[in-house]
Undergrad: 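Below you will find the structure I want to go over with you.
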Amino acid sequence: MAAKLKYLSHRERKRKFGFSFFESNYQFTSSIIANSERKGIRSDLLQMGEKWVLMKTAQTPTNIAVIKYWGKRDETLILPVNDSISVTLDPAHLCTTTTVAVSPAFQQDRMWLNGKEMSLSGGRYQNCLREIRKRAREVEDKERGIKIEKKDWEKLHLHIASYNNFPTAAGLASSAAGFACLVFALAKLMNVSEDESQLSAIARQGSGSACRSLFGGFVKWIMGKEDDGSDSLAVQLVDEKHWEDLFIIIAVVSSRQKETSSTSGMRESVETSSLLQHRAKEVVPKRTIQMEEAIQNRDFASFAKLACADSNQFHAVCLDTLPPIFYMNDTSHRIISYVEKWNRSEGTPQVAYTFDAGPNAVLIARDRKAAAQLIQRLLFYFPPKSDTDLDSYLLGDKTILKDAGLEGLEDVKALSPPPENGSAQKYPGDVSYFICTRPGKGPILLSNDKLALLDPETGLPK
Ligand code: DP6
């Protein structure tokens, strides 16, 4: 490989940094050279003297759809049957951090998720890696005297470490944040010039909903018309500052059953549900326009009506699938009924609800006051089990507890039943925990090396 890798000499480096990487890694490097030469790979790169690792770390939010994506017209390229719209959640509470690294010493592409090594052999990972490698450009780190030419990228291997700041198994769209972060971080490492929308079309090939995590605020995934998927990408409708009043409370609902994955669920719906065809052709196109208007005008009443209707129709499509798919459970249904009753009693919606492919409720409150009243209601019906304290029962933005006058469990116990509902029955333990968050910003690059998940010398997880 004729890579032009320019280095500072060891003496120069010693003068600059006080040590030479060659000295500090001599043993490691020489054993890799020996190994590589045995296998006949990249010895020219390695023989140039030393091991280096170049890294980038990014943080990417998750998103929740208010107009749902459900159904593909192309399974490999991941092209949807309808447009969808989502709100990006504040990465301070729900995000993925990913460090990507390249080094001539790496023997293969490797990935670790939450500290555990996982296979990169799946088609979706391979598609994202191939597409991003195709767009890689020359990279030069003058400080460290490293230069990677465009053509070198095809031969260099990558290490990837990813970490979710929320439970991966909780059904909170971890694949959306994960693939978006992978593509964004690799684009930065490889000096890719494509903008966020173009990157979204690559992230889409990892997981459809991932394309919407390339932006903050409210985001639309335009389904596109082309067979090659080139026009199926995400655009930002408004940024996270546009509608700052909104509060989002997620009820992570306890569930024992293993759910059908979105991927297989939507495949079965496409094959068997006539309601899905009607939804994609007749309902979503109009609803998307109305939703865009509601967002632009910060019209909460229309927003809530559309978001609830769309969530309910998506779950109706699941019921219309053969065999039917049940994502919501009794707790989800109870939450819908409480919100509907409360909204009706107020005369105008205070809260919108939406449910993805699982029982968790995502509740969007019109403002801080409505969010405080909502958390009072939620904690009345779904108090923590006796061994759980309030601090670990409500995660994220805890300021809402103060607004609701809830400083501790005693205050939760003293809550009176919401007036709009006849029943005062409580369901302790039916919700695992709540997360309070807001609309949030899009992906960012983290410049603080301490936040990197890979060791800068070995390129292995810290
Ligand atoms: C219900 O993006 O997880 O959350 O494209 O097969 O990876 P794949 O599916 P995925 O589906 C998300 C479905 C949804 C609705 C939505 O996010 O729009």
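Just follow the structure's listing: the first ligand is 1, and inside any ligand the first atom is 1. Quick note: residue numbers are just sequence positions, from 1.
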Undergrad: What pairs of residues pass the salt bridge (charged side-chain N to carboxylate O under 4.0 Å, His left out) test when at least one of them lies in residues 437-455, not counting sequence neighbours?
TA: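 The answer is none; no pair qualifies.
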Undergrad: Using a 4.0 angstrom limit on heavy atoms, which residues are close to ligand 1?
TA: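 Around ligand 1, where the cutoff is 4.0 Å for heavy atoms, the contacting residues are A65, K68, Y69, W70, K72, I78, R124, S207, G208, S209, R212, S262, T263, M266, F314, D356, A357.
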Undergrad: List the steps and the verdict of side chain to side chain contact (heavy atoms under 4.5 Å, CB included) for T96 and T98.
TA: CA-CA 6 Å; T96 297; T98 300; 3.6 Å; yes
Undergrad: Does D403 come within less than 4.0 Å of K369, counting only side-chain N to carboxylate O?
TA: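 Looking at D403 and K369, the cut-off is not met.
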Undergrad: Inspect the contact between K134 and E194 and indicate whether a charged nitrogen and a carboxylate oxygen are less than 4.0 angstrom apart.
TA: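 K134 and E194: not salt-bridged.
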Undergrad: Parallel under 30°, tilted from 30 to 60°, perpendicular over 60°: which one fits the rings of W243 and F218?
TA: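 Plane angle between 30° and 60°, so tilted.
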Undergrad: A quick test of your reading: do over 12 heavy atoms of other residues, nucleotides or ligands sit less than 6.0 Å from NZ of K72?
TA: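 Yes, the 6.0 Å shell around NZ holds more than 12 heavy atoms from other groups.
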